[in-house]
Amino acid sequence: DQQVKQNSPSLSVQEGRISILNCDYTNSMFDYFLWYKKYPAEGPTFLISISSIKDKNEDGRFTVFLNKSAKHLSLHIVPSQPGDSAVYFCAAGNTGTASKLTFGTGTRLQVML
Amino acid sequence: KAGVTQTPRYLIKTRGQQVTLSCSPISGHRSVSWYQQTPGQGLQFLFEYFSETQRNKGNFPGRFSGRQFSNSRSEMNVSTLELGDSALYLCASTPGVGRGNTIYFGEGSWLTVV
């Protein structure tokens with residue numbers, strides 16, 4: 001049972017435009033969410049996180065939105081840059097099992113010149 | 001500050017052998033967790049250690065085991081290797097337990113079983 005889903009395996013956007021990556025979850029026990037960026041043969045790099053007590057968190061070009069009622073979160077990257085091209089994973093966890101993250105299957109983002 | 005360090009980065013083992021992977025967490029981090037990444041299953045949680053005790057365990061067979069030392073360094077072991085164990089094994093560390101602890105990953109150890 002896939003508790004964290006990223007339904008878009010890939011996304012292409014033009015440089016300078018907005019990239020929106022989506023993630024859905026089914027487990028109501030998740031209370032914090034993270035986004036990671038990953039290049040091939042490297043470990044995931046932390047981007048941004050959000051707690052379930054918030055509905056938005058912003059860090060530079062990255063903003064994460066959380067809609068608890070819809071069990072949906074999204075990552076906005078504005079403006080998109082060619083260096084943002086990578087695979088993006090959303091992950092969900094519960095404070096009680098802090099390091100046990102459940103990952104989505106990833107979305108490959110390609111930012112075109 | 002140094003990141004999460006994993007050794008070895010690449011290794012090839014034969015089916016039936018065993019393997020030990022090592023992880024040094026970020027200085028001051030006391031929680032270490034391990035994940036397996038395969039093309040078919042994605043990133044899956046193996047187990048987590050905190051203060052030398054296993055706190056959580058994922059849905060993997062008993063061939064997968066781990067431990068943590070008093071300096072927070074951790075090792076994971078896979079015995080009786082199978083071809084399907086070929087994967088990227090990732091170690092992650094976090095300061096401790098609690099809301100908002102960001103989890104930082106190492107570069108991973110690529111294991112190929114032939």
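Lettering of chains follows the sequences in order, A, B, ..., and the numbering in each one begins at 1.
Nearest heavy-atom pair, Tyr35(B) versus Leu101(A), reported as atom, atom and distance to 0.1 Å: OH-N, 2.8 Å. What you find for Gln37(B) and Lys38(A) is that their closest heavy atoms are OE1-CE, 2.9 Å. The heavy-atom pair separating Leu90(B) from Gly43(A) by the smallest distance is CD2-CA, 3.6 Å. Nearest approach of Phe46(A) to Ile103(B), heavy atoms of both residues: CB-O, 4.4 Å.
With a 4.5 Å cut-off on non-hydrogen atoms, Leu88(B) touches chain A through its side chain but not through its backbone. For Gln6(B), no part lies under 4.5 angstrom from a heavy atom of chain A.
Crowding of Arg9(B) atom CZ: a count of heavy atoms from other residues, nucleotides or ligands under 6.0 Å exceeding 12. In Asn59(B), the CG atom is not crowded: 12 or fewer heavy atoms of neighbouring residues, nucleotides or ligands sit closer than 6.0 Å. Within 6.0 Å of CZ on Arg15(B) lie no more than 12 heavy atoms contributed by other residues, nucleotides or ligands. Enclosure of atom CE in Met112(A) by more than 12 non-hydrogen atoms of other residues, nucleotides or ligands within 6.0 angstrom is indicated.
Tyr36(A) contributes atom OH, which lies 6.5 Å from atom OG1 of Thr102(B) (distance to the nearest 0.5 angstrom).
Cluster annotation: Val4(A) is connected to Leu109(A) through the hydrophobic network of ILVMFWY side chains, with a link wherever side-chain heavy atoms come within less than 4.5 Å.
Remark: Gln54(B) engages Tyr49(B) in a side chain to side chain donor-acceptor pair (under 3.5 Å) (not counting sequence neighbours).
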